[in-house]
Amino acid sequence: MIPSGSLLVADALRKSFGPTTALDGASFSVHPGEVVAVMGPSGSGKSTLLHCLAGIVRPDSGTVVYDGRELTALPDAERSALRRTDFGFVFQFGQLVPELSCVENVALPLRLSGVKRKAAERTALDWLERLEVEDAARKRPGDISGGQGQRVAVARALAPSPKVVFADEPTGALDSLNGERVMSLLTDAARLQNTAVVLVTHEARVAAYSDREIVVRDGRSRDPEFTV
Ligand SMILES: Nc1ncnc2c1ncn2[C@@H]1O[C@H](COP(=O)(O)OP(=O)(O)OP(=O)(O)O)[C@@H](O)[C@H]1O
């Protein structure tokens with residue numbers, strides 16, 4: 001049975017890329033404000049699971065239900081709109097826009113959802129402060145360190161108050177000290193605003209920041225919250 005009170009639930013996901021089976025029956029669930037780590041060896045299907053959960057990749061079969069709506073059945077335009085309004089993303093290499101200052105990067109998703117420039121930049125500055133990286137506000141991503149860049153990327157993901165943040169190896173390019181700082185800032189801020197976090201990682205010390213771990217092996221995962 002699908003776990004009750006979940007915000008995002010995937011059941012029996014299957015996905016192949018040509019002859020390669022990436023997902024072969026994966027289940028997953030996350031509650032509002034919960035941090036769930038998706039663990040597993042390289043090539044086991046973690047990123048594919050995250051992409052299916054975020055509506056970026058359409059599974060061959062199985063379902064993804066977000067807030068009562070079946071993502072897998074929504075038209076592309078509606079899924080894109082949902083990604084903009086409800087989801088935030090943090091990738092391994094920040095993927096900030098190099099031509100914009102850090103405060104403009106954080107303000108960008110707010111601007112795209114219609115917030116006026118001044119208000120968007122005020123909110124962006126608040127978030128940079130919360131992530132202890134306000135010194136980088138007027139600098140461009142190329143002029144700050146990798147650790148600072150990831151904090152800016154976390155600020156950008158959280159500033160629009162998303163319901164879910166998807167983080168794919170968010171500390172993979174950082175040393176352990178910077179990685180731990182980014183993880184504690186990300187999870188504290190997410191819990192504070194009741195944002196769920198889907199965290200893909202193969203590192204146990206990163207997964208230690210989660211409330212729960214789900215292991216993917218050979219494209220299969222079983223969420224223990226599901227009951228038969
Ligand atoms: N777009 C794609 N085209 C072809 N094969 C793909 C594609 N995406 C993933 N795969 C394959 O699917 C399998 C699962 O990949 P996935 O990236 O989901 O694993 P992962 O657990 O995230 O790996 P890693 O930890 O190395 O990032 C791998 O064999 C991979 O090569």
Flag the pair Leu125 / Arg122 as yes when at least one side-chain heavy-atom distance between them is below 4.5 Å, and no otherwise. no
Of all pairs that satisfy side-chain hydrogen bond (donor to acceptor under 3.5 Å, both in side chains), the ones with a partner from residues 156-179, not counting sequence neighbours: Ser47-Asp168, Ser161-Gln193, Glu169-His202, Asp175-Asn178
Side-chain heavy atoms of Asp76 within contact of Arg58, under 4.5 Å: yes
Checking Ala81 now: which residues fulfil side chain to side chain contact (heavy atoms under 4.5 Å, CB included) with it, not counting sequence neighbours? Arg84
Just so I know, are the side chains of Arg205 and Met183 near enough to count as touching, which here means a heavy-atom distance under 4.5 Å? no
Mark yes when over 12 heavy atoms from residues, nucleotides or ligands other than Arg217 sit less than 6.0 Å from its CZ; otherwise mark no. no
In a check of side-chain contact (heavy atoms from CB on, under 4.5 Å) between Leu50 and each of Val57, Val38, Leu199, Val200, which one passes? Val200
Side-chain contact test, heavy atoms from C-beta onward, threshold under 4.5 Å: evaluate it for Val164 versus Tyr66 and give yes or no. yes
Donor-acceptor contact below 3.5 Å, side chain Arg79 vs main chain Gly55: yes
Please assess Lys46 against Glu213 for the test salt bridge (Lys or Arg N to Asp or Glu O under 4.0 Å), listing each intermediate value before the final yes or no. CA-CA 12 Å; Lys46 304 183 295 295; Glu213 294 174 14; over 6 Å; no
Whether Gln150 side chain and Gln92 backbone form a donor-acceptor pair below 3.5 Å: yes
Within a radius of less than 6.0 Å around CG of Asp24, do more than 12 heavy atoms belonging to other residues, nucleotides or ligands occur? yes
Test item: Val106 and Leu128 side chains (from C-beta on) under 4.5 Å apart, heavy atoms: yes
Evaluate the criterion salt bridge (Lys or Arg N to Asp or Glu O under 4.0 Å) for residue pair Glu78 and Arg69; output intermediate values, then yes/no. CA-CA 11 Å; Glu78 275 182 51; Arg69 277 165 289 179; over 6 Å; no
hydrophobic_cluster_shared for Ile56 and Leu74, side chain cutoff 4.5 Å: yes
How are the rings of Phe166 and Phe89 set relative to one another: parallel (under 30°), tilted (30 to 60°) or perpendicular (over 60°)? parallel
Strictly distance-based, threshold 3.5 Å: is any side-chain N or O of Asn105 a donor or acceptor partner for the main-chain N or O of Val97? yes
Side-chain heavy-atom pair Val9, Val64 within 4.5 angstrom cut-off: no
